[in-house]
Each structure stands twice: as C-alpha cells, then as structure tokens.
2 protein chains.
Amino acid sequence: MYSIGQLSKATGVKVPTIRYYEQVGVLASAGRTDGNQRRYDQDGVERLGFIKHARDLGFSIEAITALIDLQQHPDRSCADASAIAKHQLADVQEKLRRLSALEAELIRISDGCDGDGVSGQCYVLASLADHKHCRTDH
Amino acid sequence: MYSIGQLSKATGVKVPTIRYYEQVGVLASAGRTDGNQRRYDQDGVERLGFIKHARDLGFSIEAITALIDLQQHPDRSCADASAIAKHQLADVQEKLRRLSALEAELIRISDGCDGDGVSGQCYVLASLADHKHCRTDH
DNA sequence: CTTGAACCTCTAGTGACTAGAGGTTGTAGA
DNA sequence: TCTACAACCTCTAGTCACTAGAGGTTCAAG
C-alpha cells in the first residue's frame, strides 16, 4: 500500500494534484486508514499513470474521464476512444499550424531589432503597432 | 469619438475584454461622458490595436504592459523590447517542439485503432495505460 | 418624450492546477 | 510508551485571460 506521498513519487504527479484529480472525479476515491489518510494499491498507481500519460499528451480531464470509463468496460466498442484520440490529434495539429505562423512572425520581428537602438525606432514596437508589417495572418 | 462598442467593432476586441484590459491596467483609462460612459479617440484605437496584435502573437498581458511602457518613452533603449520578443519566440519554439512530439505520438496512437473493435483490445487505451508504447519522450 | 439598444458595475465561473492556513495522523527513535 | 516532526487532512483563495450574467443607467433615434 502506498501513501499519497509515495504514489506521488511513483508517478511524478504532485500530491495536491492527486487530491485535485480525486476531487474532480477523474481518479477514483482511494481507501482510507482509520485516521482518514488515503492509501493506494498497485491498481491506483496504474490508474494515475494512465491519467498522467494522457495529460502529458494534452488530453483534457473531461476526455480522460471518458477514456477511463471506456477502459472500465472492456466489452464496449472503442469507437469513442478512437474519436477522442483523433480529436486530440486534430487539436494539436491546429495548435501547431497556428504556432508555426506565430514563429515566422516573431522571427521576423526579432530579427528586425537587436536591442541596441532606442524605443522610438524599435522594429519590435513598430511591428506590433502596425499589422501591415506582418507576412502571415494570425 | 468612439463608444466602447464602436471601438470593439473597429479592433475586433470584445467589449468585456476592453473593460478587462482597462481594469488590469494594460489599456489606459478612457475619458468618460457626463453619464459615465467611456469614449475613445484615434489614439485609443491604436493602443488597443497594439494590444490585440501582441495578444494574437501570444504575448502575455504583463509583457504587453512592459512593451507599451517602452513605447511611451521613445528615447529609452529598446533592449527590453528586443528581449521580450526573443523570449516570446523561444517560448513559441519550445511549445512547437513539444507539440511536434505529441503529434507524432498521437498519430501513432490514432493509427493503431480505427474504432471498430472493443475497448479491451483498443490500442488507444493500451497506449495510454503503458508509456512503453511511446516512441518519443513527452 | 418614449423606447430600447448600448452602456455601467459587480460578482462568479472557466481549466487545471498551486499556495497557504490551520489542524491531525503516522512512524521512527529514545 | 512517549515524543518529535514529517506527512497527512480539509478548506479557501489565487493564477491567467477572459466570459457570462444580474441588475441598473444612459444615449440617441423617432
């Protein structure tokens, strides 16, 4: 059996975050000692590992709750799990697309000023003040 | 003179967001009518345009406040503006790096399951449960 | 002068935590 | 068995950048 601190070390998830996960219902409530402290078994370690891995991949708590629910019913269709993963992929790809445009613009802006001038002539400030400088849309 | 609604249309920033910007101090307080309604001049349009453009590029409100402060002093060195832009670029590039790794992993996970099986055999769920499936670190 | 769209302030909610206060429990060493 | 004290407990509030809604006031057209 693990205390919450030991579970935290085992999974790399901070103690208050574990309590938060329990509070919002993504992590099932742990058993308690007589003194009301949480105790976890190996199963608990695995469930939290699943959550951490999914969070690291950017899945929302809501999506993870749905995925865990599916995991609990091995006989159900996995169409939903597939859809959630594809949705998350689309989300990440959209963010990549947007960030690439931002990167291009920021490189242009950054390159225009090496910081040895004066604000009045600063290309960074001028670029931000006037969208027309921009090469991409964002 | 523009009312807050007209300023909103002119800049594409929502009315409550304009009030929020004023509240947190990134947008200077507007003049008021006798009836206490905000009124903006062309200068106000430009300042909000600057904020919007910078927000679209992902700069934090705090960074934008610093940039506007620099803009107000055209004789000051623009080293700080340059540093803020470079920092923002580094930030975006870090996010891009991370998201690219996530994308690769999510493609792998998504490709492993087309949603016509059963949860117990689902590659999506199996991958999330076990980090060992992963090709990249994240 | 009336109508109603647009304005005002204030509070609370979002997501996913993080920080801190104030109190209790578990466990190692004496 | 007692004593420290680290680790635990709950609860509230704060983070960021807004967004939503309540309840009341002002502006401008007809």
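What you see is a predicted model; the values in this text were computed from it and never measured. Sequence lines set the chain letters: A, B, ... in the order given, protein chains first and strands last, and positions in each chain run from 1. As a basis for the values below, the full set of heavy atoms in this structure was taken, side chains included, without hydrogen atoms, waters or symmetry mates.
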Worksheet item: Do NZ/NE/NH1/NH2 and the carboxylate oxygens of B/Arg97 and B/Glu94 come within less than 4.0 Å?
Response: yes

Discussion item. What residues from residues 89-104 of chain A pass a heavy-atom cutoff of under 4.0 Å to DNA chain D?
Written reply: none

Fill in: Those residues that, when tested against A/Arg47, pass salt bridge (charged side-chain N to carboxylate O under 4.0 Å, His left out) (two or more places apart)
A/Asp43

Practice prompt. Mind calculating the distance between CD (A/Glu22) and P (C/dA16) to the nearest angstrom?
Written response: 18 Å

Exercise answer: donor-acceptor pairs, residues 115-130 of chain A side-chain atoms, under 3.5 Å, sequence neighbours excluded:
from, atom 1, to, atom 2, distance (Å)
A/Ser119, OG, B/Leu70, O, 3.4
A/Ser119, OG, B/Arg76, O, 3.1
A/Tyr123, OH, A/Arg108, NH1, 2.6
A/Ser127, OG, A/Tyr123, O, 2.8
A/Asp130, OD1, A/Lys132, N, 3.0

Worksheet, complete the sentence: Given protein heavy atoms under 4.0 Å, the one-letter contact record of nucleotides 20-30 of chain D, with B base, S sugar-phosphate only and - none, is simply ------SS---

Worksheet item: Taking only residues two or more places apart in sequence, or in another chain, which ones meet B/Val24 in a side-chain contact (heavy atoms from CB on, under 4.5 Å)?
Response: B/Tyr20, B/Val26, B/Ile61

Discussion item. Using the side-chain contact (heavy atoms from CB on, under 4.5 Å) criterion, which residues pair with A/Ala63? Sequence neighbours excluded.
Written reply: A/Phe59, A/Ser60, A/Ile84

Fill in: A/Thr17, nearest nucleotide to its side chain (from D/dT10, C/dC17, D/dC18)
C/dC17

Discussion item. Looking at every non-hydrogen atom in both residues, tell me the closest pair between B/Gln93 and A/Ile107 and how far apart they are.
Written reply: NE2-CD1, 4.1 Å

Discussion item. Heavy atoms only, 4.0 Å cut-off, all strands: where does A/Phe59 land among base, sugar-phosphate and nothing?
Written reply: nothing

Fill in: Which nucleotide in C/dC17, D/dT10, C/dC7 has an atom nearest any side-chain atom of A/Arg32
D/dT10

